[in-house]
Structures are given as C-alpha cells and as structure tokens.
Undergrad: 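Attaching a single structure in structure tokens format; questions to follow.
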Amino acid sequence: MLDSKEALDQIAKEVSVCTRCILSHSRKNAVPGEGPAQADIMLIGEGPGFHENEQGRPFVGAAGRFLEELLAMNHLKRTDVFITNVVKCRPPGNRDPEASELQACNDYLERQIQAINPKVIVTLGRFSMAKFLPNARISAVHGQATWVKGRLVVPMYHPAAALHQGSLRPVLEKDFSQLLELIRKAKEAAKPKDEGQNTPGKDEPKQLSLF
Ligand code: URA
Ligand code: SF4
C-alpha cells in the first residue's frame, strides 16, 4: 500500500502525461493540485486558467490571490490546504469543461480524495459542486455544510465570480468564516461514540445544523 504522499505523487505523475481527454491536446502543463497529504481541508475548483496552465500549479492567478486572502482571514495559508480542480488541464479559452472531460478526469480527483481523506471538502463553483450535489443551486446552498458519503461538503461560490461581481465578495467571506468551526464539527462527528464508530450521513446527504 502506498502512503498518502506516495499516492498523491503517483496521481500527479499520471496526470502530467495524461491523454484521457482532448484537453491534453491544448494544455501546456497539467495541474494536478498541491498541498499537504494530511490536509483537513480540500478545496476543489473548476479547472486551470491561463496562469495555472503556464505554471502547472492551481489558483496562481487573480482568483488565487483572492482565495489566499479568504484563507488568511481565517488564519489559514494555502500550504495548509490541498487545492485542486475537477479537470486538471485548461479548457481552451477558459470555456466550461464538458461532461466527457469531467468524466475522464474524475478518477484522479476520487483518488486524491481517498488519499487525503479530508475532514471538509470545499467546492468552488458549480462544476465542482455538481460532483457532490448534482441537483443543488449554488445561490440556494452556498455556505451550507452537507454530509455526502460520510464527508462534510461545503459548496461555495468560485472566487473568480466575486472578481466579476463584487457583491459576492462578502458572501464568500462569510461562507469561508465558518471553515475552522466546520473542521472542528467534522472531527467531533468522526470520533467513535460509545463502542461503535459513528459515520454520519453515510447513505444520503444530510444537512448539518451548526448553530
Ligand atoms: N480557477 C479554477 O477553477 N482553478 C484554478 O486552478 C484557477 C482558477
Ligand atoms: Fe487527463 Fe484530466 Fe487532463 Fe483530460 S483534463 S487530459 S482526463 S488530466
């Protein structure tokens, strides 16, 4: 068995030469994602943009700077969290990823989640949200933590959306401000209760009432 770090390195190696979908034709660098193998929080965006494609690293452009601000407001650094995307190669001209591309790339993300086993998954934008909450509307559910297959998933607006639409900035700030409390709640829920193991919401998504 590979340990978490070895598993992540192996995934990154496969992603860097992957040709499973046509995004491989136009990419310069695939962007597997980065962060500690033991991260409590995993942030999942949409796909690499111009700068990410140039550098092979996630969220290094304007949206990334805002993301770092959102983390810093909550005493978190980008090196504290694992950051990746639902597609690892840049869609040409930053178009939306297509269903076939999301499907082709999904296995890498699944393996990353398995390797890291994060307490909290934050989805950034609708494509990432749709993987966990296929029927949800971001305007209705943003900031609401939900158990999905025993993991706490928190859908949030994409930081790039707030750069275009300033009114979303305070919304994202408020949603991010719950993060540390959510980690605490997730850790609490994961603790064995009595003799047995408590795995909340294994079967269906369930709203977590926090306050
Ligand atoms: N937007 C994303 O969704 N992902 C990145 O890595 C950068 C910008
Ligand atoms: Fe492979 Fe994903 Fe890149 Fe498509 S987007 S080529 S599936 S790594």
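Sequential numbering from 1 along the given sequence is applied to the chain's residues. All heavy atoms count here, side chains included; hydrogens, waters and symmetry mates do not. Both ligands and their constituent atoms are indexed starting at 1 by order of listing.
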Undergrad: So if I count the atoms of ligand 2 from 1 in the order they appear, which ones are less than 4.0 Å from some heavy atom of Arg27?
TA: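 Selected atoms, number and element: 3 (Fe), 6 (S).
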Undergrad: Among Gly49, Pro58, Gly47, which residue places a heavy atom closest to atom 5 (C) of ligand 1?
TA: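 Residue with the shortest heavy-atom distance to the ligand atom: Gly47.
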Undergrad: I'd like to know: is atom 2 (Fe) of ligand 2 within the 2.8 Å range of an N/O/S atom from Cys105, strictly under that distance?
TA: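 Given the 2.8 Å cut-off, Cys105 counts as a ligand of atom 2 (Fe) of ligand 2.
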Undergrad: Any ion pair linking Asp107 and Arg111 (charged N to carboxylate O, less than 4.0 Å)?
TA: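 The answer is yes: the pair qualifies as a salt bridge.
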Undergrad: Quick check: Gly45 and ligand 1, any N/O pair under 3.5 Å apart?
TA: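 No, Gly45 has no N/O under 3.5 Å of an N/O on ligand 1.
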Undergrad: Is it true that some N/O/S atom of Cys21, main chain or side chain, lies under 2.8 Å from atom 1 (Fe) of ligand 2?
TA: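 No, Cys21 does not qualify, because none of its backbone or side-chain N, O or S atoms lies under 2.8 Å.
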Undergrad: How does Glu101 reach ligand 2, if at all, at less than 4.0 Å between non-hydrogen atoms: by side chain, backbone, both, or neither?
TA: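 Under 4.0 Å from ligand 2, Glu101 contributes no heavy atoms.
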Undergrad: Would you tell me which option among Pro91, Ser100, Cys89, Ser26 has the nearest heavy-atom contact to atom 5 (S) of ligand 2?
TA: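 Among Pro91, Ser100, Cys89, Ser26, the closest heavy atom to atom 5 (S) of ligand 2 comes from Cys89.
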Undergrad: I'd like to check which ligand 2 atoms, numbered from 1 as shown, lie under 4.0 Å from a non-hydrogen atom of Ala104.
TA: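 Listed by number with element, the hits are 7 (S).
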Undergrad: Which one holds for Glu46 and ligand 1: side chain close, backbone close, both close, or neither close, with close meaning a heavy atom under 4.0 Å?
TA: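 Both backbone and side chain.
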Undergrad: I'd like to know if the side chain of Ser4 and the backbone of Ala115 have a donor-acceptor N/O pair within less than 3.5 Å.
TA: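 Yes, the answer is positive, given that a donor and an acceptor are paired below the 3.5 Å cut-off.
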Undergrad: Quick one: does His158 get a heavy atom under 4.0 Å from ligand 1?
TA: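 It does, in that a heavy atom of His158 comes within the 4.0 Å cut-off of ligand 1.
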Undergrad: What closest approach, in Å, do Asn94 and Pro48 show between heavy atoms, and which atom pair accounts for it?
TA: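 That would be OD1-O, 4.3 Å.
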Undergrad: Going by the atom numbers of ligand 2, which of them fall below 4.0 Å from some non-hydrogen atom of Cys18?
TA: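 Every atom of ligand 2 under 4.0 Å from some heavy atom of Cys18: 1 (Fe), 6 (S), 7 (S), 8 (S).
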Undergrad: Starting from atom 4 (N) of ligand 1, find the nearest protein heavy-atom neighbour and note its residue, name and distance.
TA: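 Its nearest protein heavy-atom neighbour is Asn85 OD1, 2.7 Å.
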Undergrad: Determine, for Arg184 against Glu181, whether the closest basic-nitrogen to carboxylate-oxygen distance falls under 4.0 angstrom.
TA: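 Salt bridge present between Arg184 and Glu181.
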Undergrad: Can you give me the closest heavy-atom contact between Pro92 and Leu23, atom names plus distance?
TA: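 Closest approach of Pro92 to Leu23, heavy atoms only: CD-CD2, 3.7 Å.
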Undergrad: Could Arg20 and Tyr108 be counted as a cation-pi pair, given that NZ or CZ must be under 6.0 Å from the ring centre and within 45° of the axis?
TA: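 Yes.
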Undergrad: Between Glu52 and Arg90 (salt bridge meaning N to carboxylate O under 4.0 Å), is one present in this structure?
TA: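 Between Arg90 and Glu52 there is no salt bridge, as every charged N stays at least 4.0 Å from the carboxylate O atoms.
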Undergrad: Can Lys88 and Glu14 be counted as an ion pair, charged N to O under 4.0 angstrom?
TA: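 Looking at Glu14 together with Lys88, the answer is no, because their closest N to O distance does not fall below 4.0 Å.
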